[in-house]
Amino acid sequence: MVAMSGFSITTRWIFFSIIILGVFVASSFFLEIDLSRIKGITLLKTILNKQQPQFSFNCTNGNSASTCSSYHPTTFDFDDDSSTTSCPEYFKWIHEDLKPWESTGITRDMVERGKNVSHFRLVIVNGKAYVETYAKAYQTRDVFTIWGILQLLRLYPGKIPDLDIMFQCHDRTVVFKRNFQGPNAMSPPLVFHYCGREDSYDIVFPDWSFWGWPEVNIRPWEATLHNILKGSKMVKWKDRIPYAFWKGNPAVANIRRELGKCNPTKQHDWNARIYDINWQKEISNNFKNSKLENQCTFRYKIYVEGVAWSVSEKYVIACDSMTMFVKPTYYDFFTRNMVPLRHYWPISPKNMCEEIKYAVDWGNAHLDNAQAIGNGGTNYIVENLKMKFVYDYMFHLLNTYAKLLKFKPTIPAGAVEICSESVVCSQHGVGRGFLVESVVTAPSDTPPCIMPPPYTPETLQEFIQEKENLTKQVKTRVVNTKQ
C-alpha cells in the first residue's frame, strides 16, 4: 500500500485535484463538452466503490510538463486480492495470439526485429513507461494508444510487470506468416497492433479510439456508447426505416465502392441505403451529419471494412439494429467470439447486393428474430466491452506476454520517460479534452477479472465449426428461426 500520511503530501493532492478539475471544467467550456452526460458512466463510477488515492496532473506552463510527477503511486494493494468476476470468453484469444512464442519464449532479438515495421517502442521498468518513436503515426493514434497504456498503469499501479513491446499504428497487418515458414525459418518478431488476420502474427490490442478520436470528434468509448444507446431509444425498433444503412468514406477500399452499387436504381432496389461521408466537409460543418447517436434509425446496419479492420465496428453493433457483417478479412480483440445469427447476420462479399436484399427481406418477414439478433449484438458489446474489461484485456495480454520474456527489459538509449502529464500537456483543444475526460483518476479497488482457460484444439475447432454451420444457413437460405 502506498504511504498516504503527511500533511504536505495530502495538501499537494488536494491542490492538484483542484487544478485537474479546473482544467476539465475549462475544457468543457471551450470544447463544448456536456458535463451532465459524463455523470454516471465514467470508469471511476463503474469500477470504484471506495475512496482511493486520487491522481492528478499539472501542466507547468499550460503547454508542457517538464518532468513526470513523483507522487503518482507505482505500487498499490487491493482491499481483496481475489477477483470474483470472470473475464469474457474472448480473452481466450490472448493464448492463441501468443501461441507462436509459447514454446520458445521471447528474446530481445525477436522484439527488436519488429522495429522496422513499428511506429514506437514502449518499455515499462519499475512501473514507469518509456517510449522510443520510430515513425510518425497517422493522426494521433500513437498518442491515444500510449495514453491508454498509461491509464492502465494508473488503474493497476505496480501490477504491470517490466516489459518491452513494439507497436504498429496503421491499418494493415505487418508480420506475415509466409515469411516465417520452413524448417530453417526464424521466429517471427512480436508487433502489437489494432487488428490481426489469419495470415499474420500481429498481436491484437485495443485501438486508440477507446480513449477518443479527436480528428473526427468521437469521444472516449464510455461516453460514446452511452450516447449511442440513448440515441437507439429515439425510435422504436419496429418503427425504424426498414432498410440496411451504411455511412462512411468509400474512397478507402474497393469493397466499400462495391457496396455503393447496392443503392437503389431504376432497375433494382437492393434494400440498402448507402451514404458517403466527406470528413473535410464534416469538419467544416462541425460534424453535424456524422453523429453516431443519430444513426440508429434503421432496422439494419452494415459493417464493412475499410483499408483493413475499421474502428466503426463497435459503433455499428451498439445501435441494436440487426448488424450485417460483410465478411471481414481482419479481426480486432473482442469480436472473434461473436456468433452469426446470434450477434450479427453474415454477408458474403460475392453477390453482396443480393445478399443484403435477402437479409432485409428475411428480417422484415421475421421482425422478432431480426430484432433479437440486433439486441444480441448490442448486449454483447454492453456486457463484454465495458471499459474495465478493455483494461483487463490489456492487463492480461501484457502480463502473459511478459511471462514469456527471456530477458530483462531495459530503457533504450533513445527512449524518453512518458506519463499522463507529459501526454496531456502536449495536446491542445479537443484532443486534450478527450484525454482529460478519459483519465483514470484513482487505482481500482478490485483486481482484474479471472482469465478463462485457453481453448483446447477440440473446443476451438468446435467453436469454429459452429460459426461455419450458422453461416451456411444464410448461404443456403434455410435459416432456423427457433435457434
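Using cut-offs of 30° and 60° on the angle between ring planes, the pair Y358 and W345 is tilted. Ring orientation note: the planes of Y380 and Y90 are tilted relative to one another, at an angle of 30° to 60°. Between Y401 and F192, the ring-plane angle classifies as perpendicular under the 30° and 60° cut-offs.
V474 has its side chain out of reach of P340: every pair of non-hydrogen atoms, C-beta onward, lies at least 4.5 Å apart. N364 has its side chain within reach of V360: a pair of non-hydrogen atoms, C-beta onward, lies under 4.5 Å apart. Looking at K388 and T446, their side chains come closer than 4.5 Å, going by heavy atoms from C-beta outward. Residues C296 and M234 fail the side-chain proximity criterion, which asks for heavy atoms closer than 4.5 Å. With a 4.5 Å cut-off on side-chain heavy atoms, S420 and Q151 count as touching. The side-chain heavy atoms of T224 and Y315, taken from C-beta on, include a pair separated by under 4.5 Å. Within the 4.5 Å cutoff, side-chain heavy atoms of W237 are placed close to those of R240. Here the side chains of L367 and Q371 are not in contact, with every heavy-atom distance at 4.5 Å or above.
Nearest heavy-atom pair, V204 versus L397, reported as atom, atom and distance to 0.1 Å: O-CD2, 3.4 Å. For the pair S310 and R256, the tightest heavy-atom approach, listed with the atom from each and the gap, is OG-NH2, 3.5 Å. Summarising the geometry of E313 relative to D332, their closest heavy-atom pair is OE1-OD2, 2.7 Å, with the distance given to 0.1 Å. For S232 against C319, the heavy-atom pair with the smallest separation is CB-O, 3.4 Å.
Judged by distance alone, the side chain of N286 and the main-chain N or O of K288 form no donor-acceptor pair under 3.5 Å. For the pair K233 (side chain) and K236 (backbone), a donor-acceptor distance under 3.5 Å is absent. When atom types are taken as modelled, the side chain of K261 and the backbone of C353 share no donor-acceptor pair closer than 3.5 angstrom. Using a distance-only test at 3.5 Å, with no hydrogens or angles considered, a donor-acceptor pair links the side chain of S321 to the main chain of F298. In this structure, the side chain of H268 does not engage the main chain of C262 through any donor-acceptor pair within 3.5 Å. Judged by distance alone, with hydrogens and angles left aside, the side-chain atoms of T145 form a donor-acceptor pair with the main-chain N or O of R141 at under 3.5 Å. Although no hydrogens or angles enter the test, the distance criterion places a donor-acceptor pair under 3.5 Å between the side chain of E282 and the main chain of N289. Remark: the backbone N or O of G374 is not paired with any side-chain donor or acceptor of D320 at under 3.5 angstrom. R432 places a side-chain N or O within 3.5 Å of a backbone atom of Q427 that can act as its donor or acceptor partner. Remark: side-chain polar atoms of Y393 are not paired, donor with acceptor, to backbone N or O of F205 under 3.5 angstrom.
Aromatic rings of F210 and F144 (six-membered ring for Trp) have centroids beyond the 6.0 Å cut-off, not under it. For Y194 and F167, the ring centers sit closer than 6.0 Å to each other.
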Derivation and outcome, side chain to side chain contact (heavy atoms under 4.5 Å, CB included), residues D97 and R336: CA-CA 12 Å; D97 288 347; R336 284 177 280 184; 2.9 Å; yes

Verdict with reasoning, H170 to H119, per side chain to side chain contact (heavy atoms under 4.5 Å, CB included): CA-CA 9 Å; H170 286 172; H119 286 93; 3.3 Å; yes

L150/R154 under side chain to side chain contact (heavy atoms under 4.5 Å, CB included): CA gap, chis, key distance, verdict: CA-CA 6 Å; L150 293 173; R154 293 167 77 104; 5.5 Å; no

Full working for side chain to side chain contact (heavy atoms under 4.5 Å, CB included) between E305 and V326: CA-CA 8 Å; E305 292 181 333; V326 179; over 6 Å; no

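Here the CG atom belonging to N179 is positioned 10.0 Å from the CG atom belonging to D199, to the nearest 0.5 angstrom. In this structure, L122 CG and E132 CD are separated by 11.0 Å, a value rounded to the nearest 0.5 Å. To the nearest 0.5 Å, the span separating NE2 on H193 from CG on D207 amounts to 10.5 Å. Atoms CD and NZ, on Q295 and K291 in that order, are 11.5 Å from each other to the nearest 0.5 Å. In this structure, OG1 in T297 is found 12.0 Å from CG in D239, a value given to the nearest 0.5 Å. Put simply, CG on N249 and CZ on R257 are 9.5 Å apart, with the number rounded to the nearest 0.5 Å.
If you check the side chains of W93 and N337, you find a donor sitting under 3.5 Å from an acceptor. In this structure, a donor-acceptor pair under 3.5 Å is present between the side chains of K314 and S209.
The pair K386-D392 does not meet the salt-bridge criterion, since no charged nitrogen lies less than 4.0 angstrom from a carboxylate oxygen. Salt bridge status for D276 with K281: absent, with no side-chain N to carboxylate O gap under 4.0 Å. The residues D368 and K238 are annotated as salt-bridged, a charged nitrogen and a carboxylate oxygen being separated by less than 4.0 angstrom.
Other residues, nucleotides and ligands contribute only 12 or fewer heavy atoms inside 6.0 Å of the OH atom of Y138. Residue K467 places its NZ atom among more than 12 non-hydrogen atoms of other residues, nucleotides or ligands, all under 6.0 Å distant. Summarising the local packing, CZ of R172 is surrounded by 12 or fewer heavy atoms from other residues, nucleotides or ligands at distances under 6.0 Å.
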